[in-house]
Engineer: 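What follows is a structure written as structure tokens; I'll ask about it next.
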Amino acid sequence: MKVVSLVPSITESLLAWGITPIAVTRFCEVPGLATVGGTKNPDIDGIVALAPDVVFMDKEENRAPDAASLENAGVPVIATDVRSVDDVEPALARLAEAVGVVVPPFRIPVPDKGRGVKVFVPIWRRPWMTVGGRTYGSSALTAAGFVNVYASSADPYPTVELGDVAERRPAHVLAPSEPYDFKEKHRAELEVVGPVRFVDGKDLFWWGVRTPGAVGRLREMAAALAGA
């Protein structure tokens, strides 16, 4: 099949299944594959010209108008809608069926519910933003045994002030490498909230074949921080 993937985590899963897309986004980080723009601004004309059998998108990652433009041009689109760890397995099953592969079921490690390490996860600065409860990232934290201090937010990606964050008393700040690439130079400003641990943003925000391993790695981190 001629597959275009506009979702980095879907691209990672397809490659793990032995399916190489004919084009991906520039954020998919796959050297050698053709790119067709970003997740929010794909090259619609370029994709149509490739005449793919299917384009994979996600309602969280991509824009509905872009999906509509592709469909109006006669390009089949399959859009997943992953907002939690529980959504991952059915989403993968749907993708696997579309490309004709059989994917074995997987198990997510069961968290130690008594651990409950309270954390703040910044995803942007200027302005500061974080993840609310209705997101895959927050769900992954919960599955690993963390407590997201903004899990009750009605906004999936609330803008916050560090003073408000500090009042919620997180035990740690998990500063990810994406979507904003937090580095050592950001430690001092984040430490007004709590001790900082830098984490792989893919383990927090890329769902798919990596989910079981990612949750396991996050769970190990939660256990280590709980015992610190």
Side-chain angles (χ1 to χ4, degrees), residues 1-44 46-109 131 134-140 142-143 156 178-179 200-218:
M1 291 185 68
K2 294 169 64 178
V3 176
V4 171
S5 172
L6 299 182
V7 185
S9 52
I10 290 179
T11 300
E12 181 179 60
S13 295
L14 290 172
L15 291 171
W17 296 340
I19 305 294
T20 302
I22 60 172
V24 297
T25 75
R26 64 177 180 272
F27 300 115
C28 291
E29 301 179 1
V30 186
L33 291 187
T35 57
V36 282
T39 55
K40 307 297 186 188
N41 57 348
D43 179 359
I44 300 298
I47 295 170
V48 172
L50 292 171
D53 295 306
V54 65
V55 175
F56 290 133
M57 305 179 76
D58 182 78
K59 293 181 180 180
E60 176 81 355
E61 296 255 5
N62 308 115
R63 301 186 321 128
D66 293 327
S69 294
L70 289 168
E71 290 174 329
N72 290 339
V75 177
V77 172
I78 292 179
T80 56
D81 189 15
V82 175
R83 308 296 176 112
S84 74
V85 168
D86 291 338
D87 294 333
V88 174
E89 191 165 9
L92 289 180
R94 185 181 178 197
L95 298 173
E97 182 180 14
V99 296
V101 300
V102 177
V103 180
F106 58 73
R107 294 185 60 188
I108 302 299
V131 288
R134 291 191 66 256
T135 60
Y136 172 79
S138 186
S139 176
T142 300
E178 61 175 80
D200 184 350
K202 293 184 179 66
D203 276 355
L204 278 171
F205 304 119
W206 285 33
W207 58 266
V209 294
R210 82 159 45 229
T211 296
V215 171
R217 288 186 289 274
L218 291 169

Engineer: Is K59 atom NZ crowded by more than 12 heavy atoms from other residues, nucleotides or ligands, each under 6.0 Å away?
Structural biologist: no
Engineer: Could you tell me which non-hydrogen atom of L92 sits nearest to which non-hydrogen atom of V209, and how far apart they are?
Structural biologist: CD1-N, 4.1 Å
Engineer: If we only count heavy atoms from C-beta on, is the V7 to F56 side-chain gap below 4.5 Å?
Structural biologist: no
Engineer: Which atoms form the tightest heavy-atom contact between D66 and I44, and what is the distance?
Structural biologist: O-CD1, 3.8 Å
Engineer: What verdict does the side chain to side chain contact (heavy atoms under 4.5 Å, CB included) test give for W17 and V103, after you've listed the backbone C-alpha separation in whole Å, the side-chain angles of each residue and the deciding distance to 0.1 Å?
Structural biologist: CA-CA 8 Å; W17 296 340; V103 180; 3.4 Å; yes
Engineer: Consider side-chain contact (heavy atoms from CB on, under 4.5 Å). Of V4, N62, I78, D81, which one does M57 pass it with?
Structural biologist: N62
Engineer: Mark yes or no for whether K40, through its side chain, and E61, through its backbone, hold a donor-acceptor pair below 3.5 Å.
Structural biologist: yes
Engineer: Begin with the C-alpha distance, continue with both residues' side-chain angles, and end with the deciding distance and a verdict on side chain to side chain contact (heavy atoms under 4.5 Å, CB included) for R210 and D203.
Structural biologist: CA-CA 7 Å; R210 82 159 45 229; D203 276 355; 2.7 Å; yes
Engineer: Quick one: closest heavy-atom pair of W207 and S13, and the distance?
Structural biologist: O-OG, 4.3 Å
Engineer: Within the supplied structure, the quantity of interest is the number of heavy atoms (other residues, nucleotides, ligands) at a distance under 6.0 Å from E97 CD; does it exceed 12?
Structural biologist: no
Engineer: Which heavy atom of P179 sits nearest to which heavy atom of F205, and what is that distance?
Structural biologist: CD-CE1, 3.9 Å
Engineer: Using side-chain heavy atoms (C-beta onward) and a distance below 4.5 Å, is E29 in contact with P8?
Structural biologist: no
Engineer: Checking side-chain contact (heavy atoms from CB on, under 4.5 Å) against M1, which of D53, I19, I22 comes through?
Structural biologist: D53
Engineer: Could you pull out the closest heavy-atom pair between P52 and V55, with the gap in Å?
Structural biologist: CG-CG2, 3.8 Å
Engineer: For T11 and S5, which heavy atoms make the closest approach, and how far apart are they?
Structural biologist: OG1-OG, 2.7 Å
Engineer: How about CZ on R134, more than 12 heavy atoms from neighbouring residues, nucleotides or ligands closer than 6.0 Å, or not?
Structural biologist: no
Engineer: Side chain to side chain contact (heavy atoms under 4.5 Å, CB included), that's the test. Do L15 and T20 meet it? Break it down for me.
Structural biologist: CA-CA 6 Å; L15 291 171; T20 302; 4.1 Å; yes
Engineer: Report the C-alpha separation of Y136 and D58 in whole Å, then their side-chain angles, then the decisive distance to 0.1 Å, and conclude whether the side chain to side chain contact (heavy atoms under 4.5 Å, CB included) test is met.
Structural biologist: CA-CA 12 Å; Y136 172 79; D58 182 78; over 6 Å; no
Engineer: Would you check if the side chain of S139 reaches a backbone N or O of T135 as a donor-acceptor pair within less than 3.5 Å?
Structural biologist: no
Engineer: Heavy-atom distance under 4.5 Å between the side chains of L6 and I47, does that happen here?
Structural biologist: yes
